[in-house]
Participant: 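Please see the structure below; I have some questions.
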Amino acid sequence: MTLHGARSPAGLLLAAGEGRRLGRPKALVELDGERLVDRGVRTLREGGCSPVLVVSGAAQIEVIGAVVVPNPRWRGGMGSSLRAGLDALPPGCPAVVVALVDQPRVTAEAVRRLIAAYEEGARVAVATYDGAPRNPVLIAREHFAAAAEAAEGDAGARSFLRARPDLVTGVPCGDVAAPDDIDTPADLEAFSRRPRR
């Protein structure tokens, strides 16, 4: 049992984009024999999130171990996916860890660190790498509405985080994860050549 009761933070994987520069939806891309969407769900689950929701859009996807939330407004950018995911969280969900499908080097340990910070009292926890805030991000329930309201275009939670730096607890994760994303075929090729983490 955590300080906030028995319920775990939920996991929210944003996976709705069409992957314009990559040439196909990132959710369906395989890396090390595993689709990025399955990898992201596994990372959130192993990190301690339950339930895990996946926001879909450009591609219809089915994912074992997750609830798929269709976002008919996915062309409006990541902000619309964040709003759709936050709206779909179950009643009483105490917090949510938001991750992006195109960052496969984010690890379960990074997720666990965010949840640990939450259990120690952080209301918004952000993974940092060399001091710079990136993903994933944990948001406590009382800030869901403000995060959704601030989510516009491709900014996701960034506008909310910048508007409320007083809430944000940085959680160093650079020793266990990396925020590198897959945007182009060259990125994917480079990831495929790296040793598995």
Side-chain angles (χ1 to χ4, degrees), residues 9-47 49-90 93 96-108 110-111 126-127 134-139 144 147-161 177-194 197:
L12 179 58
L13 186 68
L14 304 185
E18 65 182 329
R20 192 167 50 248
R21 287 189 287 163
L22 188 62
R24 53 189 159 142
K26 296 176 184 180
L28 305 181
V29 169
E30 287 197 7
L31 185 65
D32 301 330
E34 184 179 32
R35 294 185 309 172
L36 291 184
V37 66
D38 297 313
R39 188 185 194 103
V41 167
R42 176 171 57 81
T43 297
L44 288 166
R45 289 178 63 85
E46 290 178 357
C49 296
S50 180
V52 175
L53 286 67
V54 176
V55 180
S56 67
Q60 288 192 334
I61 51 179
E62 293 184 10
V63 190
I64 295 173
V67 176
V68 177
V69 179
N71 174 19
R73 298 182 176 87
W74 63 268
R75 286 183 179 84
M78 195 189 312
S80 69
S81 290
L82 179 59
R83 287 194 302 275
L86 291 173
D87 285 347
L89 291 172
C93 174
V96 63
V97 177
V98 182
L100 307 183
V101 76
D102 67 350
Q103 294 183 331
R105 300 301 184 215
V106 166
T107 61
V111 175
V126 179
R134 295 288 300 272
N135 290 296
V137 174
L138 180 145
I139 302 171
F144 289 176
E149 185 178 347
E152 294 292 339
D154 278 324
R158 194 179 315 138
S159 298
F160 166 70
L161 299 174
D180 307 340
D181 49 15
I182 295 176
D183 284 330
T184 66
D187 293 340
L188 179 58
E189 184 179 345
F191 268 89
S192 299
R193 290 196 304 263
R194 294 180 188 181
R197 185 182 275 276

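Side chains included, hydrogens not; waters and symmetry mates left out as well; all remaining heavy atoms used.
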Participant: State the CG-CD distance between L14 and Q103, to the nearest 0.5 angstrom.
Facilitator: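 Answer for the CG-CD pair, L14 versus Q103, is 10.0 Å.
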Participant: Using side-chain heavy atoms (C-beta onward) and a distance below 4.5 Å, is V29 in contact with L188?
Facilitator: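 Side chain of V29 against side chain of L188, heavy atoms only: contact under 4.5 Å found.
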Participant: What distance do L44 atom CG and R39 atom CZ have between them, rounded to the nearest 0.5 Å?
Facilitator: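 One finds 13.0 Å between CG of L44 and CZ of R39.
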Participant: As an exercise, state the distance from CG of L22 to CG of D187, rounded to the nearest 0.5 Å.
Facilitator: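 Reported value, rounded in 0.5 Å steps: 8.0 Å.
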Participant: Could you check whether atom CD of E46 has more than 12 heavy atoms from other residues, nucleotides or ligands sitting under 6.0 Å from it?
Facilitator: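 More than 12 within 6.0 Å, yes.
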Participant: According to salt bridge (Lys or Arg N to Asp or Glu O under 4.0 Å), who are the partners of E18, at least two apart in sequence or on a separate chain?
Facilitator: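 Checked E18 against salt bridge (Lys or Arg N to Asp or Glu O under 4.0 Å); matches are R20.
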Participant: Are P136 and V98 packed together at the side-chain level, in the sense that at least one heavy-atom pair is separated by less than 4.5 angstrom?
Facilitator: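 Side chain of P136 against side chain of V98, heavy atoms only: no contact under 4.5 Å found.
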Participant: What's the shortest heavy-atom distance between D181 and F191, and which atoms?
Facilitator: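 Smallest interatomic distance, heavy atoms only, reads O-CE1, 3.7 Å.
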Participant: Could you check L100, V101, L36 and say which one makes a side chain to side chain contact (heavy atoms under 4.5 Å, CB included) with I182?
Facilitator: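 Output: one option passes, namely L36.
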Participant: Restricting to non-hydrogen atoms, name the atom on G11 and the atom on V96 that form the minimum distance, rounded to 0.1 Å.
Facilitator: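 For G11 and V96, the tightest heavy-atom pair comes out as C-CG2, 4.3 Å.
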Participant: Please round to the nearest 0.5 Å and tell me the distance separating atom CZ of R83 and atom CD of E149.
Facilitator: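 Separation between the atoms: 10.5 Å.
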Participant: Where do A10 and L89 come nearest, in terms of heavy atoms and distance?
Facilitator: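 So the two residues come closest at CB-CD2, 3.8 Å.
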Participant: Search all heavy atoms of G85 against all heavy atoms of L12 and return the closest pair with its distance.
Facilitator: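 Shortest heavy-atom contact: CA-CD1, 3.6 Å.
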Participant: Rounded to the nearest 0.5 Å, how far does SG of C93 lie from CD1 of I139?
Facilitator: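 Atom-to-atom, I139:CD1 and C93:SG are 11.0 Å apart.
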Participant: Quick one: side chain to side chain contact (heavy atoms under 4.5 Å, CB included) partners of R21, sequence neighbours excluded?
Facilitator: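 R21 satisfies side chain to side chain contact (heavy atoms under 4.5 Å, CB included) with D183, T184 once adjacent residues are dropped.
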Participant: Of the non-hydrogen atoms in V111 and C49, which two are nearest, and what is the gap between them?
Facilitator: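 Taking V111 first and C49 second, the nearest heavy atoms are CG1-SG, 3.8 Å.
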Participant: Would you call D102-K26 a salt bridge at under 4.0 Å N-O?
Facilitator: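 Salt bridge present between D102 and K26.
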Participant: Taking only residues two or more places apart in sequence or in another chain, which ones pass side chain to side chain donor-acceptor pair (under 3.5 Å) with D38?
Facilitator: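 With sequence neighbours excluded, D38 shows a side chain to side chain donor-acceptor pair (under 3.5 Å) to R35, given in chain and number order.
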Participant: Hey, can you pull the donor-acceptor pairs under 3.5 Å for the side chains in residues 51-72, sequence neighbours left out?
Facilitator:
from : atom 1 : to  : atom 2 : distance (Å)
N71  : OD1    : R73 : N      : 3.0
N71  : ND2    : S80 : OG     : 3.0
N71  : ND2    : S81 : OG     : 3.1

Participant: So, using side chain to side chain donor-acceptor pair (under 3.5 Å) as the criterion, who are the partners of R42 when residues are at least two apart?
Facilitator: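 Once residues adjacent in sequence are excluded, the partners of R42 under the side chain to side chain donor-acceptor pair (under 3.5 Å) criterion are E34.
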